[in-house]
Colleague: 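To start, I am sharing the structure in question, which I have written as structure tokens.
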Amino acid sequence: VAVGGGVVGDLAGFVAATYLRGIRWVQVPTTLLAQVDASVGGKTGINHRLGKNLIGAFHQPRFVLIDPQVLETLPERERRSGIAEIVKAGLIRDEALFALLEERLEELIRLQDPRRVEEVIGRAVAIKAQIVSEDEREVTGTRALLNFGHTVGHALEAATQYKHLTHGEAVLWGMLAEAHLSYRLQKLSRGELRRVQELLGRLPRPPLPEGLDIDTLMEYMYRDKKARGRRLRVVVLGGIGRAEVTEAPEEELREALQALGSSGS
Ligand SMILES: NC(=O)c1ccc[n+]([C@@H]2O[C@H](COP(=O)([O-])OP(=O)(O)OC[C@H]3O[C@@H](n4cnc5c(N)ncnc54)[C@H](O)[C@@H]3O)[C@@H](O)[C@H]2O)c1
């Protein structure tokens, strides 16, 4: 029984997947991020200095028990990190969820209304569960949509040795870059980009470290297991609530990374 945040869930799940070639296990996620994201979908694994998620296994838990009350002891920074993944869920599949966050973000961060918190967790879980059930092993590509913000986010985490940013904060920075990329590729309108930037701007996060250079980030992205040689496949937004996978020219991605320097640090 894995009781804890995403790190505990990923590690315990990986042990359960490999011990005796797989034993049954249960998840009891205790962070918002683990409740809405990490505990759903059966991906388990451990970090490695060469890159994120290079070592792991698909291994579904028997069930996941989510109790929003445990969030009361969670520090605000961790609550905001969880909200980042909820924003992602809205951006890729559910414009109404995104609009609800626009309306009630601060109250959700403060866990002011337990019923609303429960509703939002339920909606985010439903989105992830639906996408995973359409493509559990990432065969058709639908599951890859969950990686919106993660191509850049994972590179940021690895380039800062997993120490400077929480996973949610890295995804937040990643979503800003990838929304900008969507705009540059003429898939997202300027008005929609503004909406994304405004909502993400209301979630404070540490600035990117000085001296983090774009070449290093590009190298991490090419090392990502989803990259094919020097071709990067990135999730972009075709609108709020609609995501798609596209091959991104390196120059456009570099421009989008460059734009991070001026967006809300
Ligand atoms: N398997 C997946 O599909 C998947 C998806 C997203 C993220 N992840 C992984 O999950 C990890 C991030 O998970 P996380 O954000 O939960 O981080 P975490 O597990 O590091 O937890 C964050 C912090 O909160 C503390 N904590 C946990 N529950 C608490 C509670 N109820 N009250 C007070 N403190 C509490 C933890 O001890 C830790 O210090 C990353 O390694 C990421 O790669 C996995």
Side-chain angles (χ1 to χ4, degrees), residues 1-17 25-61 64-89 92 109 111 114 117 121 124-125 127-133 135-138 143-175 203 205-206 220 224-226 235:
V1 179
V3 184
V7 168
V8 169
D10 274 10
L11 173 61
F14 183 63
V15 172
W25 70 301
V26 164
Q27 286 243 58
V28 185
T30 61
T31 63
L32 184 56
L33 187 134
Q35 293 186 343
V36 298
D37 189 14
S39 67
V40 186
K43 281 191 179 176
T44 70
I46 50 173
N47 288 342
H48 190 276
R49 68 188 157 77
L50 284 185
K52 204 138 162 136
N53 300 340
L54 295 176
I55 302 168
F58 286 98
H59 193 50
Q60 294 287 357
V64 179
L65 179 74
I66 296 176
D67 181 351
Q69 254 192 342
V70 301
L71 303 179
E72 278 164 26
T73 54
L74 198 64
E76 182 175 324
R77 182 179 181 194
E78 298 296 341
R79 296 200 299 267
R80 285 197 306 256
S81 297
I83 300 263
E85 292 281 8
I86 302 177
V87 174
K88 181 201 76 181
I92 61 175
I109 295 172
L111 305 173
V117 173
I121 293 173
V125 168
I127 292 167
K128 177 143 188 199
Q130 191 196 10
I131 291 179
V132 170
S133 62
D135 178 25
E136 189 183 357
R137 300 267 164 152
E138 236 163 288
R143 185 167 183 158
L145 301 179
L146 292 165
N147 284 322
F148 177 64
H150 285 59
T151 301
V152 172
H154 283 165
L156 285 171
E157 282 184 282
T160 54
Q161 290 76 46
Y162 306 106
K163 286 194 186 116
H164 182 71
L165 301 166
T166 66
H167 177 68
E169 287 162 353
V171 169
L172 234 148
W173 279 113
M175 288 193 288
L203 286 163
R205 62 206 163 265
Y220 276 109
D224 188 281
K225 64 185 174 351
K226 288 182 186 68
V235 182

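Counting starts at 1 for both ligands and their atoms, following the listed order.
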Colleague: Do ligand 1 and D37 have nitrogen or oxygen atoms that lie under 3.5 Å from each other?
Modeller: no
Colleague: Between D10 and ligand 1, does any nitrogen or oxygen pair lie at a separation below 3.5 Å?
Modeller: yes
Colleague: Which ligand 1 atoms does K43 reach within 4.0 Å, using its non-hydrogen atoms?
Modeller: 1 (N), 2 (C), 3 (O)
Colleague: Measuring from atom 23 (C) of ligand 1, which candidate in H154, E78, R79 has the nearest non-hydrogen atom?
Modeller: E78
Colleague: Do L71 and ligand 1 have an N or O pair less than 3.5 Å apart?
Modeller: no
Colleague: Please name the residue in the list D37, I66, I86 that meets the side chain to side chain contact (heavy atoms under 4.5 Å, CB included) test with L32.
Modeller: I86
Colleague: Supply the atom-to-atom distance F58 CZ to E138 CD, rounded to the nearest 0.5 angstrom.
Modeller: 5.5 Å
Colleague: Quick one: list whatever passes side-chain contact (heavy atoms from CB on, under 4.5 Å) with S133, sequence neighbours left out.
Modeller: none
Colleague: Just to be sure I read this right, does ligand 1 sit under 4.0 Å from the backbone of Q35, its side chain, both, or neither, counting only heavy atoms?
Modeller: neither
Colleague: With respect to L33, determine whether any N or O atom, backbone or side chain, lies less than 3.5 Å from an N or O atom of ligand 1.
Modeller: no
Colleague: Check each of A38, A170, G9 against atom 8 (N) of ligand 1 and report the one with the nearest heavy atom.
Modeller: A38
Colleague: Could you tell me if the side chain of L203 sits less than 4.5 Å from the side chain of V87, heavy atoms only?
Modeller: yes
Colleague: Look only at interatomic distance and state if N47 has a nitrogen or oxygen under 3.5 Å from any nitrogen or oxygen of ligand 1.
Modeller: no
Colleague: Could you tell me, atom by atom, which parts of ligand 1 come under 4.0 Å of a heavy atom of G6?
Modeller: 10 (O), 11 (C), 13 (O), 14 (P), 16 (O), 19 (O)
Colleague: Which atom pair, heavy atoms only, marks the closest approach of A144 to V235?
Modeller: O-CG2, 3.2 Å
Colleague: Looking only at distances, can you tell me whether any N or O atom of G4, backbone or side chain, sits closer than 3.5 Å to an N or O atom of ligand 1?
Modeller: no
Colleague: So, regarding T73 and ligand 1 (criterion: nitrogen or oxygen to nitrogen or oxygen, under 3.5 Å), is there a contact or not?
Modeller: yes
Colleague: Could you tell me whether R79 and E72 have a side-chain N and a carboxylate O separated by less than 4.0 Å?
Modeller: no
Colleague: With rounding to the nearest 0.5 angstrom, report the CG to CD distance, L156 to E169.
Modeller: 11.0 Å
Colleague: Heavy-atom contact check, 4.0 Å cutoff: does T166 meet ligand 1?
Modeller: no
Colleague: Check ligand 1 against K128 and write out every atom of the ligand that is under 4.0 Å from a heavy-atom position of the residue.
Modeller: 3 (O)
Colleague: Would you say the side chain of V125 lies within less than 4.5 Å of the side chain of K128, judging by non-hydrogen atoms?
Modeller: no
Colleague: Mind checking the NE2-OH spacing from H154 to Y220? Nearest 0.5 Å is all I need.
Modeller: 13.5 Å
